Trainee: 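Can you keep this structure in mind? I'll have questions shortly.
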Amino acid sequence: MVHQTLDTDILILGSGGAGLFAALHAHKADPSLSITVAVKGLLGKCGCTRMVQGGYNVALAKEDSIERHFMDTIEGGKWLPDQELAWKLVTLAIERIHELENELGCFFDRNPDGTVHQKAFAGQTFDRTVHKGDLTGIEIINRLAEQVWARKINRLEEFRAVELIKDEGNTRIAGVLFIDMRTGEYMLVRAKAVLLATGGGPTMYKYHTPSGDKTCDGLAMALRAGLPLRDMEMVQFHPTGLLAGTHTRMTGTVLEEGLRGAGGYLLNGAKERFMPKYDPKAERATRDFVSRAMFMEMRKGNTSPNGGLFIAMNHLNQDEVRKQFRGMVERCADCGFDLAGGLVEVVPTAHYMMGGVEFTPDCSTELMGLFVAGEDAGGVHGANRLGGNGVANSTVFGAVAGDVMAEWVKGKGFADPDSSRIEKAISASETPFSAKPSSLEPLRERLYEVMWQKVGIIRNEAGLRAALTELNSLEEELSRTGVADGNRAFNLTWHDWLNLKSLVQVSRVIANAALARTDSRGAHFREDYPDAGSLEGSFFIRSKMKDGKLETSTMPVAFTRVKPGQTLLKTAA
Ligand SMILES: Cc1cc2nc3c(=O)[nH]c(=O)nc-3n(C[C@H](O)[C@H](O)[C@H](O)COP(=O)(O)OP(=O)(O)OC[C@H]3O[C@@H](n4cnc5c(N)ncnc54)[C@H](O)[C@@H]3O)c2cc1C
């Protein structure tokens, strides 16, 4: 039963870069609007924008250009990005970085001449990554959160969105059903416009980097609401996740790319360097290549004690490594490794979902009144995201969504929510209370294992089909696994159950899309179809629920600005 209701003009789900930018822009556009940010964690303390280490891609330097940033994004995405979305990303990133510095108060690192320092990131033809040391995300989120706190913007913290609720005619969004995690009670928030900005997050893999509050809830809700998702097979693995054993959550967290950039070697269990065998760029190849080579080496059984590989910096100047990578040296020391002088165990780790809800450059979706931004949105990055384009993506499209929603709600009223959908969602969330309680751990382990082994870095048809069977059986077993119905306040086992439900549903979409894509592009590699296929004939995979069944179809990529073989860069005469 719904215990409370609330009406708000604009409802924003998530308080990462996308959610907070949307709130600030909507408020600036019309301060009289009621705006509510609802978030599973604490505003300013959760999500992945806060975890951004490396930085923010933007074409600021005189010698750089938006065309060059655009071409890097399209080529990095293996010609699968939606070109209008990518264009919006690269053009508006400039406005957003100026807003972050000049209006919101971020301090980014500077050169001695006062210009903003921009560093090199893999896959880019120009050094364009703006940063604050290696803690860029904390600077961005702290400043954004302060500005949100200083304005009349409502906050619902530790509120978990569980279902998008449409109107009775099934024509537009009417609101969102929540669980207030502090009491365990249900709340319905009616809104004229809703932004989905829950940040995706591939936490269904055995090794992963994103924050624990991210369990693909937004994508699962969009799927259940019948919205099309695209590029869901495209899951990015970062090559160097720390491997410190199963007893610590540090396992899976990222050791930054700069280590390989600075000359670090990857070694197998026999302490031999293997990357040159796989790629002429060796350790400096792009994330997809390096992760794949590492996985192949691990499949041969050439592993470190914990089943991974090693990164070695000890052939370099140790003092320099300690100075340049202080944070990484300390992180490794906390887990018993000497990064500068010894070997550190590493493993590829699931980092980012390029796929998400289909949307247009004004952030609208197929469902009237529902907007999407950030990692929940699909199509900006295609088959691969450039490091530094993630936080640019969430801030750029978050701001767009805020501006657009403020305009969109003008003159609109509230819709009547479909009560049958509310009841259905509550009953689905209550499922674990009517089953016999038992541990969720074995189910989580099975999910981690099947996604890592069969839907991970290297895929094939037999493995994907076996994974789909396993995922179906996991979903069934989850529905028979109960949670003790004692105190509902902060009942973390219940939320864990709900997390697993979202993760299994979205995992099935990833596996299905991977089965449907019979070629290998960027992050998606099929050993039974290793060719990239024709670039001119590039297509993306659309996934959608229809009549309770998951459907996939292929859609052509529209080359609206540049075709394969062409470039927007002016070539020297
Ligand atoms: C370790 C790490 C390092 C990274 N480094 C970089 C980098 O250097 N450069 C770069 O460009 N990108 C980087 N990224 C990627 C970048 O963090 C993301 O692309 C971006 O921050 C996503 O922003 P977002 O607003 O979409 O989501 P997030 O910032 O992740 O925010 C999601 C929000 O949704 C909330 N939420 C989730 N589920 C629910 C629910 N059911 N109900 C209500 N709220 C919910 C969460 O609590 C959170 O507040 C990194 C990611 C990680 C994990």
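Note that the structure is predicted; figures quoted are calculated from it, not measured. Values below: every heavy atom of this structure, side chains too, minus hydrogens, waters and symmetry copies. Start at 1 and go down the list; that is how both ligands and their atoms are numbered.
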Trainee: Around atom 37 (C) of ligand 1, find the nearest protein heavy atom and jot down its residue, atom name and distance.
Mentor: Thr198 O, 3.4 Å

Trainee: When you compare ligand 1 with Ser15, is there at least one nitrogen or oxygen pair between them that comes in under 3.5 angstrom?
Mentor: yes

Trainee: List the closest protein heavy-atom neighbour of atom 3 (C) of ligand 1: residue, atom name, distance to the nearest 0.1 Å.
Mentor: Met51 O, 3.4 Å

Trainee: What I want to know is whether Val39 and ligand 1 share at least one N or O pair that is separated by under 3.5 angstrom.
Mentor: no

Trainee: Can you sort out which atoms of ligand 1 are near Gly388, meaning under 4.0 Å from one of its heavy atoms?
Mentor: 9 (N), 10 (C), 11 (O)

Trainee: Judged by atom type as modelled, is there a donor-acceptor pair below 3.5 Å linking the side chain of Lys166 to the main-chain atoms of Ala225?
Mentor: yes

Trainee: Between Asp217 and ligand 1, which residue portion shows a heavy-atom distance shorter than 4.0 Å: side chain, backbone, both, or neither?
Mentor: side chain

Trainee: What do you reckon, does Val391 have a nitrogen or oxygen under 3.5 Å from a nitrogen or oxygen of ligand 1?
Mentor: yes

Trainee: Return a yes/no value for Val254: is any of its N or O atoms, backbone included, closer than 3.5 angstrom to an N or O of ligand 1?
Mentor: no

Trainee: Any donor and acceptor pair, going by atom type alone, linking the side chain of Asp376 with main-chain N or O of Thr198 inside 3.5 Å?
Mentor: yes

Trainee: Can you list the ligand 1 atoms lying under 4.0 Å from a non-hydrogen atom of Gly390?
Mentor: 10 (C), 11 (O), 12 (N), 19 (O)

Trainee: Say whether, by atom type as modelled, one donor and one acceptor occur between the side chain of His3 and the main chain of Met1 under 3.5 angstrom.
Mentor: yes

Trainee: Any nitrogen or oxygen of Gly47, main chain or side chain, under 3.5 Å from a nitrogen or oxygen of ligand 1?
Mentor: no

Trainee: Is a side-chain N or O of Lys78 found less than 3.5 angstrom from the main chain of Gly522, in a donor-acceptor match?
Mentor: no

Trainee: In the structure I gave you, are the side-chain heavy atoms of Gln236 and Met354 within less than 4.5 Å of one another anywhere?
Mentor: yes

Trainee: Indicate yes or no for a side-chain donor-acceptor contact from Arg260 to the backbone of Glu283 under 3.5 Å, with no hydrogens or angles considered.
Mentor: yes

Trainee: Any N or O on Val52 sitting closer than 3.5 Å to an N or O of ligand 1?
Mentor: no

Trainee: For Tyr352, run the ring-ring contact (aromatic ring centres under 6.0 Å, His included) check against His381, His208, His238 and tell me which one passes.
Mentor: His381

Trainee: Under the side-chain contact (heavy atoms from CB on, under 4.5 Å) criterion, do Leu498 and Ile179 qualify, and how do the steps go?
Mentor: CA-CA 11 Å; Leu498 293 165; Ile179 296 171; 3.7 Å; yes

Trainee: Short question: side chain of Asp127, backbone of Gln118 - any donor-acceptor pair under 3.5 Å?
Mentor: no

Trainee: Which of the atoms of ligand 1 are close to Asn389, meaning less than 4.0 Å from one of its heavy atoms?
Mentor: 11 (O)

Trainee: Could you establish whether Arg385 and ligand 1 come within less than 4.0 Å of each other, counting only heavy atoms on the residue side?
Mentor: yes

Trainee: Where is the nearest protein heavy atom to atom 42 (N) of ligand 1: which residue, which atom, and how far?
Mentor: Ala161 N, 3.0 Å

Trainee: Do ligand 1 and Cys48 have nitrogen or oxygen atoms that lie under 3.5 Å from each other?
Mentor: yes

Trainee: N/O of Thr49 under 3.5 Å from N/O of ligand 1, yes or no?
Mentor: yes

Trainee: May I ask you to decide if Gly308's main-chain N or O and Asn306's side chain share a donor-acceptor pair within less than 3.5 Å?
Mentor: no

Trainee: Against Phe397, only a single residue in Phe359, Phe21, Phe371 fulfils ring-ring contact (aromatic ring centres under 6.0 Å, His included); can you say which?
Mentor: Phe359

Trainee: Answer yes or no: is there a donor N or O on one side and an acceptor on the other, between the side chain of Asp9 and the main chain of Ile35, under 3.5 Å?
Mentor: no

Trainee: Within the structure, is a non-hydrogen atom of Tyr56 found at a distance of less than 4.0 Å from ligand 1?
Mentor: no

Trainee: Report yes or no: does a heavy atom of Gly387 sit under 4.0 Å from some atom of ligand 1?
Mentor: no

Trainee: Using a 4.0 Å heavy-atom cut-off, which part of His381 comes near ligand 1: side chain, backbone, both, or neither?
Mentor: neither

Trainee: Measure the distance from atom 35 (C) of ligand 1 to every protein heavy atom, then report the residue, atom name and distance (to 0.1 Å) of the closest one.
Mentor: Gly14 CA, 3.7 Å

Trainee: Just jot down the side chain to side chain contact (heavy atoms under 4.5 Å, CB included) partners of Thr286, sequence neighbours excluded, or say none.
Mentor: Asp288, Phe289

Trainee: Polar contacts were defined as any N/O atom of the residue lying under 3.5 Å from an N/O atom of the ligand; does this apply to Arg160 and ligand 1?
Mentor: no

Trainee: Mark yes or no for whether Glu358, through its side chain, and Gly379, through its backbone, hold a donor-acceptor pair below 3.5 Å.
Mentor: no

Trainee: Should Met221 be listed as contacting ligand 1, given a heavy-atom distance under 4.0 Å as the test?
Mentor: no

Trainee: Find all atoms of ligand 1 within a distance of less than 4.0 Å from any non-hydrogen atom belonging to His351, and give their numbers and elements.
Mentor: 2 (C), 3 (C), 4 (C), 50 (C), 51 (C), 52 (C)

Trainee: If you count the atoms of ligand 1 from 1 in the order shown, which ones are under 4.0 Å from a heavy atom of Ala197?
Mentor: 32 (C), 33 (C), 34 (O)

Trainee: Once you measure the plane-to-plane angle for Trp452 and Phe237, does it fall in the parallel (<30°), tilted (30-60°) or perpendicular (>60°) bin?
Mentor: tilted

Trainee: Quick one: look up the protein heavy atom nearest atom 8 (O) of ligand 1 and list residue, atom name and how far away it is.
Mentor: Gly54 N, 2.9 Å

Trainee: Do Trp149 and Leu43 have side chains that get closer than 4.5 Å, going by heavy atoms?
Mentor: yes

Trainee: Quick one: look at Arg50 and ligand 1, take heavy-atom pairs under 4.0 Å, and tell me if it's side chain, backbone, both or neither.
Mentor: neither

Trainee: Under 3.5 Å between any N/O of Gly55 and any N/O of ligand 1: does that happen in this structure?
Mentor: yes

Trainee: For the side chain of Thr251 and the backbone of Leu243, is there at least one donor-acceptor N/O pair under 3.5 Å apart?
Mentor: no

Trainee: Which ligand 1 atoms, with their elements, are less than 4.0 angstrom from a heavy-atom of Glu375?
Mentor: 18 (C), 19 (O), 22 (C), 26 (O)

Trainee: Is the NZ or CZ atom of Arg488 positioned over Phe433's six-membered ring, under 6.0 angstrom from the centre and within 45° of the axis?
Mentor: yes

Trainee: Taking only heavy atoms of Gly374 into account, list the atoms of ligand 1 that are under 4.0 Å away from them.
Mentor: 26 (O)

Trainee: Regarding atom 43 (C) of ligand 1: of the candidates Gln236, Lys214, Lys40, which has the closest heavy atom?
Mentor: Lys40

Trainee: List every atom of ligand 1 that sits less than 4.0 Å from any heavy atom of Ala18, numbering the atoms from 1 in the order shown and giving each element.
Mentor: 25 (O)

Trainee: Report the part of Tyr352 (side chain from C-beta onward, or backbone N, CA, C, O) that has a heavy atom under 4.0 Å from ligand 1; answer both or neither where that applies.
Mentor: side chain

